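This report concerns only the one structure given below.
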Amino acid sequence: MRGHATEPTLLTDPGPRRPRLRRAAGAVASAALLLPLLGAAPAGSGDSATRMQRDFEAAADEYHVPRSLLLAVSYLQSRWDTHAGAPSVTGGYGPMHLTDARTALAGAPHHSEGTEDARGDSARPALHPTTEVPTEAELPSRLRTLTKAAELTGLPAKQLRTDPAANLAGGAALLAAAQRDLAEPLSADPADWYGAVARFSGADDTATAAAYADDVYDVLRTGERRTTDEGQRVALAARPELAPDTAQLRRTGLRKGSAAGTECPATVSCEWIPAPYEEFGDGDYGNHDLGDRPASQSIRYIVVHDTEGAWDGVLNMVQDPTYVSWNYTLRSTDGHIAQHVKAKDVAWHAGNWYVNAKSIGLEHEGFLANPDAWYTESMYRASARLVTYLAAKYGIPLDRQHILGHDTVPGPTTSTVSGMHTDPGPYWDWRHYFELLGRPFERMAHLRGDSAVVTIRPDYASNRPTYTGCTTSGQACAAHGSSEVRLYSQPDTSSALVKDIGTHPSGGVSSIDVNDVGARASTGQQYAVAERRGDWTAIWYLGQKAWFQNPAANPTAVSAVGAVVTPKDGLSEIPVYGRAYPEASAYPAGVPVQAVSPLSYKLPAGQKYVAGEKVPGEYDYSVTFDTASHRVVVGKDQYYEIQFGHRVAFVRAADVRLTLS
């Protein structure tokens, strides 16, 4: 059933229309004519907070694109945010994510965020590969859409990068050009634009293009409304009956994509690009271990990473047998996914062998220390669908003790803690991500404000703590939304940050460096409350009280309930571990005993920490290319995973008392 041929009424009144962007004699409009029309709204044009809604109308009308379609495409690209003209992780600018990767990469900071051994297995020599992400000599067309938009509109590239109205015009021009290339009419019915939307994605295969177009039409059917990062109120009315002409996909000329061999849901585009399992050198091999999960051992974690490199270079690395590996890579421009390692096998990605052996790793195209290099909605949605699928398949709980950031994976031993990676960092929007997972971090309505447990949940856009370390100059990173709150030793922003003796063994003093996780709590993490004073809340964190601002008018945490552990009566303190390994007596002949090595931290009596699963000690012995000697050792000792600091940790069940708070 095709959709209606007329556009719906918007959910908000956009006020009087702005002047249309006219084209002379059927050709592209001249920059001289367009630039004045793309600037500030004229006097008397209505509420300035709805200026962007009118900009959408003007661009859609000028290029004869359905307004709702332009709104939906832009929402999938950027959620209508402008990011102050800064590029995304793949060089996309503005609300339409027009890509100019060459310009963006020229100004991008280069950065290192850890020195960890990706395997994290002390039974083997540390693995520190030196492969560099290569610079691409020629960029694919999906990373050069801004250049084409400039040709179509006659607007300067700089204007398209920095002026939201110009950016919308450029996106509308690209959509119209794609529609004409398909010999389709510039219809007022968004149902007639499926092929053009698929081409707009920049994908070169039908599976990826269709997944992108399906997402756009899902936005059209459900509708959206939000206030953008510039304070603009934008709304798109729902069209639940809309049924696009998907047959147009056959006429796009794109190659046929294949998901053969992948372990992905049908709702994403996915391809198999295998990581090699090869032997080389003196019995060394890479870049992962063969296994038989979940039969041999359960899969309990999904680890979210960012690539610190661009798509093509990252794929080159994962296909190098001397490098490390992960299970999936996700592309920023369109959410396309490449799978490299089967779920049954163990990838080398998290820097902690216990976590590697029980996890699946997802690398997202992006950069930790570049706050302006934002992640696209396409990639967030594709990632959420993949995680939802994997969590259901393997019984992984959707919470922050099982959906880990690489920055929340513990160092397996004391000597490794300070070198652990810190991606995806404070600019990954965990709150939005878990909303897409269908598990939003909600306040427990029946609890009062003095609950014994809190869930960290700042407003991402308005929560803007200052970070340093994004550039070599030592200047503060660009102001940007953050998913993390800063932790102080006293309820005062002038007091010292809480100490982390693992990250900073020489003295424990934490900093505001973007890679320093020693005094930060992240959205979705849960902690036991230690004290409250006015607008401040203290939590138990790394063996001490840690204070964060939590005003009632703009809370950064919400009330929750949860199981907590505290040392058993009579124990003044207990050890904390970075891995849950079995006791020595559990190891069979032929499998070397691995040390049950406590970290430098202690959990003192009287303190409480939110607990996750109770798990047996477990070790995956897989140190040879020949799998005949591989064993999974399971002990009798039990552990609780706890939210101890920014990273999770483990305590022996025999050392603690579990209660509900």
Side-chain angles (χ1 to χ4, degrees), residues 2-5 7-8 56 59-80 92 94-99 141-142 145-146 148-149 152 167-224 236-257 267-269 331-336 376-382 385:
R2 299 289 295 278
H4 297 300
E7 286 282 272
F56 272 108
D61 289 353
E62 172 63 18
Y63 290 97
H64 305 290
V65 176
R67 297 175 186 173
S68 61
L69 185 79
L70 189 62
L71 280 158
V73 170
S74 177
Y75 185 87
L76 192 62
Q77 298 289 81
S78 66
R79 298 177 74 209
W80 303 323
M96 293 303 298
H97 194 250
L98 303 181
T99 53
S141 59
R142 70 174 184 276
T145 62
L146 191 139
K148 185 174 181 181
L152 291 169
N167 190 270
L168 294 176
L174 288 171
L175 281 165
Q179 185 79 339
R180 287 192 295 269
D181 287 346
L182 294 172
E184 294 286 344
L186 300 180
S187 168
D189 185 355
D192 296 333
W193 289 71
Y194 187 88
V197 172
R199 290 288 297 270
F200 183 90
S201 71
D204 63 358
D205 69 276
T206 55
T208 307
Y212 178 90
D214 289 344
D215 259 347
V216 169
Y217 282 89
D218 182 60
V219 172
L220 278 163
R221 281 187 288 266
T222 60
E224 292 289 349
L236 170 63
R239 292 281 301 276
E241 82 292 345
L242 189 62
D245 180 9
T246 58
Q248 291 180 356
L249 188 66
R250 294 194 296 268
R251 303 195 296 276
T252 59
L254 301 175
R255 67 178 176 87
K256 184 176 177 57
T267 53
V268 301
S269 65
R331 191 161 68 198
S332 174
T333 51
D334 50 23
H336 180 63
T376 64
E377 181 69 0
S378 296
M379 187 166 68
Y380 272 124
R381 289 190 174 214
R385 286 172 179 156

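Throughout, residue positions are numbered sequentially from 1 according to the sequence presented. All values below were derived from every heavy atom in this structure, side-chain atoms included, with hydrogens, water molecules and symmetry-related copies excluded. What you see is a predicted model; the values in this text were computed from it and never measured.
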Quick check: closest heavy atoms across A177 and L152, and the distance to 0.1 Å? CB-CD1, 3.8 Å
Closest contact, heavy atoms only, S187 versus P66: O-CG, 3.4 Å
Looking only at heavy atoms, the pair that brings G257 and T206 closest together is N-OG1, 3.4 Å
Mind checking what makes salt bridge (charged side-chain N to carboxylate O under 4.0 Å, His left out) contact with R381, not counting sequence neighbours? D218, E224, E377
My understanding is that only residues two or more places apart in sequence, or in another chain, count here; which of them pass salt bridge (charged side-chain N to carboxylate O under 4.0 Å, His left out) with R221? none
L186 side chain reached by L175 side chain, heavy atoms, under 4.5 Å: no
With D204, which residues qualify under salt bridge (charged side-chain N to carboxylate O under 4.0 Å, His left out), at least two apart? R255
T252: partners by side-chain contact (heavy atoms from CB on, under 4.5 Å), with sequence neighbours left out: L182, R199, L249, L254
Calculate, to the nearest 0.5 Å, the distance between atoms CE and OG1 belonging to M379 and T333 respectively. 9.5 Å
Kindly give the heavy-atom pair with the smallest separation between A59 and A172, and that separation in Å. O-CB, 3.6 Å
Please list all pairs meeting ring pair (Phe, Tyr, Trp, His ring centres under 6.0 Å) that have one or both residues in residues 168-224, counting only residues at least two apart or in different chains. Y194-Y217
How long is the straight-line distance from CG of L76 back to CE of M96, given to the nearest 0.5 Å? 10.0 Å
Does any non-hydrogen side-chain atom of L71 lie less than 4.5 Å from one of W80? yes
Validation row: L236, S68 side chains within 4.5 angstrom (heavy atoms): yes
Would you say L98 and L174 make side-chain contact, with heavy atoms under 4.5 Å? yes
Which atom of Q77 lies closest to which atom of S378, heavy atoms considered: OE1-OG, 4.1 Å
S201 and A209 have their tightest heavy-atom pair at OG-CA, 3.8 Å
Taking the side chain as C-beta and beyond, is there a heavy-atom pair between H64 and Q179 under 4.5 Å? no
Please examine the side chains of H97 and N167, heavy atoms only from C-beta on, and report whether any two atoms are closer than 4.5 Å. no
According to side-chain contact (heavy atoms from CB on, under 4.5 Å), who are the partners of S78, at least two apart in sequence or on a separate chain? S74, P95, W374
Enter the distance from R251:CZ to D181:CG here, rounded to the nearest 0.5 Å. 13.0 Å
For the pair V268 and D215, evaluate side chain to side chain contact (heavy atoms under 4.5 Å, CB included) and give the outcome as yes or no after the intermediate values. CA-CA 10 Å; V268 301; D215 259 347; over 6 Å; no
Using modelled atom types and a 3.5 Å cut-off, is there a donor and acceptor pairing between side-chain atoms of T145 and backbone atoms of T99? yes
